[in-house]
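In what follows, a single structure is set out as structure tokens and then discussed.
Note that these values count all heavy atoms, side chains included, but never hydrogens, waters or copies made by symmetry.
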Amino acid sequence: MTDAEWARVLPLLPVPGWMRGRGGRPEAYCHRAMLDAIRYLVDNGIKWRAMPVDFPPWDRIYAFFRRWRDNALVKEFHDRLRARVRKELGRDTQPTAGVIDSQSVKADAVVGAESRGFDGGKLVNGRKRHIVVDTLGLLLGVMVTAAQVLLEQVAEAHHRLALVWADGGYTGSLVEYCLATFALVLAIVKRSDDQKGFVVLPKRWIVERLFAHLMRSRRLVRDFERRTTSAEAMVYWSMTLLMTRRLVRSRLPRG
């Protein structure tokens, strides 16, 4: 991160328990070095053990990543960044509409058979990422599992969310279930049968743009994570790259 990015990020970081008088062992490395190391890994797609010597030892970085993953600190940090971005763009911090879609990604050999499958439509042997974004293209939730569970979590976390656009793959009982259980309207955006070639579909292009951003993070081009929770955490870390740069860019003078 640049100094400007770090200045925007520092007030949004979760405060460790030992700094709040809750006891525990003080951390040995600066949070900025840890965040830079994880972001470097996500952006460049390296192995944990291939971490450059400029960063702290790889096992300490992985322990930091694992602690933030298991205690949902990376999601907390990500959500604070998203709220700040929305506020600076003149939007309310809580969205009222979103877009859901899924992405099939090939899985590495380390991914067990119990958490992978075969997508017959895309001919991909791996995992499927279900993602919900707001109308700005910012991530609201990600889950490497059934879409119904993800919509339940997003509806509980974002109480003002009333409308979610989706593609034809989410038709069926899920539409009635969302309306009856969460008071959430699931609007299906379908492609016309008369259309030929590539066509930009309303609202769905927003989530497709996010998928394009995720593919710029080399760690996400293929799923290398043994646990689905680690795969989800990598998506959140990738989004922090986008949002911290956007926050700094929004403060630059124009013209």
Side-chain angles (χ1 to χ4, degrees), residues 1 14 29 31 33-52 55-79 81-82 100-133 138-154 157 207-208 210-244:
M1 286 182 286
Y29 297 97
H31 275 184
M34 290 296 192
L35 264 62
D36 279 344
I38 296 175
R39 287 154 59 102
Y40 182 89
L41 178 138
V42 174
D43 195 30
N44 293 277
I46 65 171
K47 298 180 180 179
W48 287 104
R49 293 177 181 269
M51 192 68 65
F55 296 116
W58 75 267
D59 56 339
R60 294 297 87 208
I61 300 170
Y62 178 69
F64 183 91
F65 168 84
R66 185 176 56 201
R67 184 167 64 253
W68 275 44
R69 176 200 65 195
D70 295 342
N71 294 283
L73 295 179
V74 60
K75 185 178 184 303
E76 178 183 341
F77 172 50
H78 166 273
D79 291 350
L81 276 172
R82 185 191 63 234
I100 187 173
D101 205 348
S102 62
Q103 178 189 43
S104 297
V105 183
K106 292 182 179 180
D108 193 67
V110 300
V111 178
E114 69 280 357
S115 64
R116 67 190 298 163
F118 184 76
D119 185 344
K122 303 291 181 62
L123 301 179
V124 172
N125 187 342
R127 286 174 173 164
K128 181 167 286 191
R129 301 172 184 147
H130 295 274
I131 287 179
V132 179
V133 302
L138 301 177
L139 184 65
L140 298 181
V142 56
M143 182 169 287
V144 188
T145 182
Q148 177 176 321
V149 182
L150 174 60
L151 285 172
E152 181 178 354
Q153 289 190 0
V154 171
V207 68
E208 296 294 345
L210 177 64
F211 286 140
H213 164 74
L214 296 181
M215 290 296 98
R216 297 184 66 182
S217 298
R218 294 186 178 181
R219 184 80 182 195
L220 299 179
V221 174
R222 183 184 291 263
D223 199 326
F224 296 98
E225 317 308 323
R226 296 179 185 271
R227 299 175 54 176
T228 56
T229 52
S230 294
E232 295 163 6
M234 290 294 180
V235 175
Y236 283 119
W237 280 112
S238 177
M239 285 301 298
T240 65
L241 287 164
L242 172 69
M243 291 189 292
T244 56

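- Separating the CG atom in Leu220 from the CG atom in Leu214 is a distance of 6.0 Å, to the nearest 0.5 Å.
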- Would you please test Leu35 and Phe64 for side-chain contact (heavy atoms from CB on, under 4.5 Å) and show each step? CA-CA 9 Å; Leu35 264 62; Phe64 183 91; 3.9 Å; yes

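- Note on ring orientation: taking the six-membered ring where Trp is involved, the planes of Phe77 and Trp237 are tilted (angle from 30° to 60°).
- Atom CG of Leu123 is separated from atom NZ of Lys106 by 9.5 Å, given to the nearest 0.5 angstrom.
- For Arg216, the CZ atom counts as loosely surrounded, since its 6.0 Å shell holds 12 or fewer non-hydrogen atoms of other residues, nucleotides or ligands.
- A distance of 9.5 Å separates CG in Asn44 from OG in Ser217, rounded to the nearest 0.5 Å.
- Taking 4.5 Å as the limit, every side-chain heavy atom of Asp101 sits out of range of all side-chain heavy atoms of Ile131.
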- Going through the distances and angles, do Asp59 and Trp48 end up as a side-chain contact (heavy atoms from CB on, under 4.5 Å)? CA-CA 8 Å; Asp59 56 339; Trp48 287 104; over 6 Å; no

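- Met234 pairs with exactly one of Val142, Ile38, Leu41, Val74 by the side-chain contact (heavy atoms from CB on, under 4.5 Å) rule, that one being Leu41.
- Salt bridge status for Asp70 with Arg66: absent, with no side-chain N to carboxylate O gap under 4.0 Å.
- Nearest heavy atoms, Pro57 versus Tyr29: CD-OH, 3.3 Å.
- Across all non-hydrogen atoms, the minimal contact from Tyr236 to Gly141 is OH-CA, 3.9 Å.
- Separation of atoms CG (Asp43) and CG (Asp36) is listed at 11.5 Å; rounding is to 0.5 Å.
- Looking at every heavy atom in both residues, Phe224 comes nearest to Arg218 through CE1-O, 4.3 Å.
- In this structure, Ile61 and Met51 have side chains that are in contact, with non-hydrogen atoms separated by less than 4.5 Å.
- Between Trp68 and His31, the ring-plane angle classifies as perpendicular under the 30° and 60° cut-offs.
- Listed here is the closest heavy atom pair of Val124 and Val105: CG1-C, 3.6 Å.
- Annotation for Ala107 and Arg222: closest pair O-NH1, 3.8 Å, computed over non-hydrogen atoms.
- Within the 4.5 Å cutoff, side-chain heavy atoms of Leu140 are placed close to those of Arg82.
- Taking CG from Leu242 and CG from Leu210, the interatomic distance works out to 8.0 Å, rounded to the nearest 0.5 Å.
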- Could you go step by step and tell me if Val144 and Lys128 meet the side-chain contact (heavy atoms from CB on, under 4.5 Å) rule? CA-CA 6 Å; Val144 188; Lys128 181 167 286 191; 6.0 Å; no

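- Annotation: side-chain hydrogen bond (donor to acceptor under 3.5 Å, both in side chains) contacts of Ser104 (sequence neighbours excluded): Asp119.
- Proximity of a side-chain donor or acceptor of Arg116 to a complementary backbone N or O of Val111 within less than 3.5 Å is detected.
- Paired with Glu225 under the rule side-chain hydrogen bond (donor to acceptor under 3.5 Å, both in side chains), one option of Arg219, Arg127, Arg69 passes, and it is Arg219.
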- Message: Could you walk me through whether Gln103 and His130 satisfy the side-chain contact (heavy atoms from CB on, under 4.5 Å) test, starting with their C-alpha distance in whole Å, then the side-chain angles of each, then the deciding distance to 0.1 Å, before giving a yes or no?
- Response: CA-CA 7 Å; Gln103 178 189 43; His130 295 274; over 6 Å; no

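- A pairwise comparison of heavy atoms in Thr240 and Arg39 identifies O-NH1, 3.4 Å as the closest pair.
- No donor-acceptor pair closer than 3.5 Å links the side chain of His213 to the backbone N or O of Glu208.
- The distance from atom CG of Asp108 to atom CG of Asp223, rounded to the nearest 0.5 Å, is 8.5 Å.
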